[in-house]
**Q** 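Shown below is the structure under consideration.
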Amino acid sequence: LSVSGRVDRLVVLPDKVLVADFKTNRPAPAAIAAADPAYVRQMAIYAAVLGEIFPHRAIEAALVWTDGPKLMPVPENLMAEALAELGRGG
């Protein structure tokens, strides 16, 4: 599987890695459940790749909505669901 993308922000700490992507949608969604599923899928792929690069660190993902601005964490369970859908061809 080949993955291509550009991470907007990456913070590598001794115990965790935070990956963030900026989004300019206006208005920003009120909750992660209202975000475009493609954004959750994007962050899930980033987190999966970073988990391979940094196997002993927790990986946290977040969307940063420039309308606000607002930091919106992307929960692990949503990323896992997005990856599972990709595996099923969705």
Side-chain angles (χ1 to χ4, degrees):
L1 177 64
S2 178
V3 175
S4 176
R6 181 178 298 185
V7 171
D8 288 338
R9 290 292 180 264
L10 183 69
V11 179
V12 180
L13 300 170
D15 61 334
K16 68 181 174 182
V17 174
L18 171 63
V19 58
D21 200 70
F22 292 91
K23 299 299 180 193
T24 58
N25 300 50
R26 294 183 186 275
I32 191 65
D36 186 330
Y39 296 160
V40 174
R41 190 168 40 252
Q42 173 189 10
M43 300 312 290
I45 292 168
Y46 287 171
V49 170
L50 289 167
E52 293 291 320
I53 297 169
F54 300 100
H56 302 295
R57 293 185 177 128
I59 309 296
E60 296 179 7
L63 297 171
V64 179
W65 302 98
T66 59
D67 180 31
K70 181 190 325 181
L71 178 71
M72 185 176 288
V74 181
E76 282 186 48
N77 65 317
L78 288 183
M79 290 190 289
E81 289 173 16
L83 289 178
E85 285 179 22
L86 279 175
R88 291 189 297 267

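Here, residue 1 is the first one in the sequence, and each next residue gets the next number.
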**Q** Test side chain to side chain contact (heavy atoms under 4.5 Å, CB included) on Leu86 and Ile45; report intermediate values, then the result.
**A** CA-CA 10 Å; Leu86 279 175; Ile45 292 168; 3.7 Å; yes
**Q** What are the two closest heavy atoms between Thr66 and Thr24, and how far apart are they?
**A** OG1-CA, 3.3 Å
**Q** Out of curiosity, does Val49 fall in the hydrophobic cluster containing Phe54 (side-chain heavy atoms, cut-off under 4.5 Å, transitive links)?
**A** yes
**Q** Show me, pair by pair, the donor-acceptor contacts under 3.5 angstrom made by side chains of residues 67-81, not counting sequence neighbours?
**A**
unit_1: Asp67; atom_1: OD1; unit_2: Arg26; atom_2: NH1; d: 3.1
unit_1: Asp67; atom_1: OD2; unit_2: Ala28; atom_2: N; d: 3.1
unit_1: Lys70; atom_1: NZ; unit_2: Pro29; atom_2: O; d: 2.7

**Q** Of all the heavy-atom pairs spanning Leu83 and Ala48, show the shortest one and how long it is.
**A** CD1-CB, 4.0 Å
**Q** Following the transitive rule for hydrophobic clusters with a side-chain heavy-atom cut-off under 4.5 Å over Ile, Leu, Val, Met, Phe, Trp and Tyr, establish whether Val40 and Phe22 coincide in one cluster.
**A** no
**Q** Under the side chain to side chain contact (heavy atoms under 4.5 Å, CB included) criterion, do Val7 and Tyr46 qualify, and how do the steps go?
**A** CA-CA 8 Å; Val7 171; Tyr46 287 171; 4.1 Å; yes
**Q** For Val17, run the side chain to side chain contact (heavy atoms under 4.5 Å, CB included) check against Val11, Ile53, Leu50 and tell me which one passes.
**A** Leu50
**Q** So how far is it from Lys16 NZ to Ile59 CD1, rounded to the nearest 0.5 Å?
**A** 11.0 Å
**Q** Closest approach of Met43 and Val19, non-hydrogen atoms and distance?
**A** CE-O, 3.6 Å
**Q** If I take atom CD1 from residue Ile32 and atom CG from residue Leu63, how far apart are they, to the nearest 0.5 angstrom?
**A** 5.0 Å
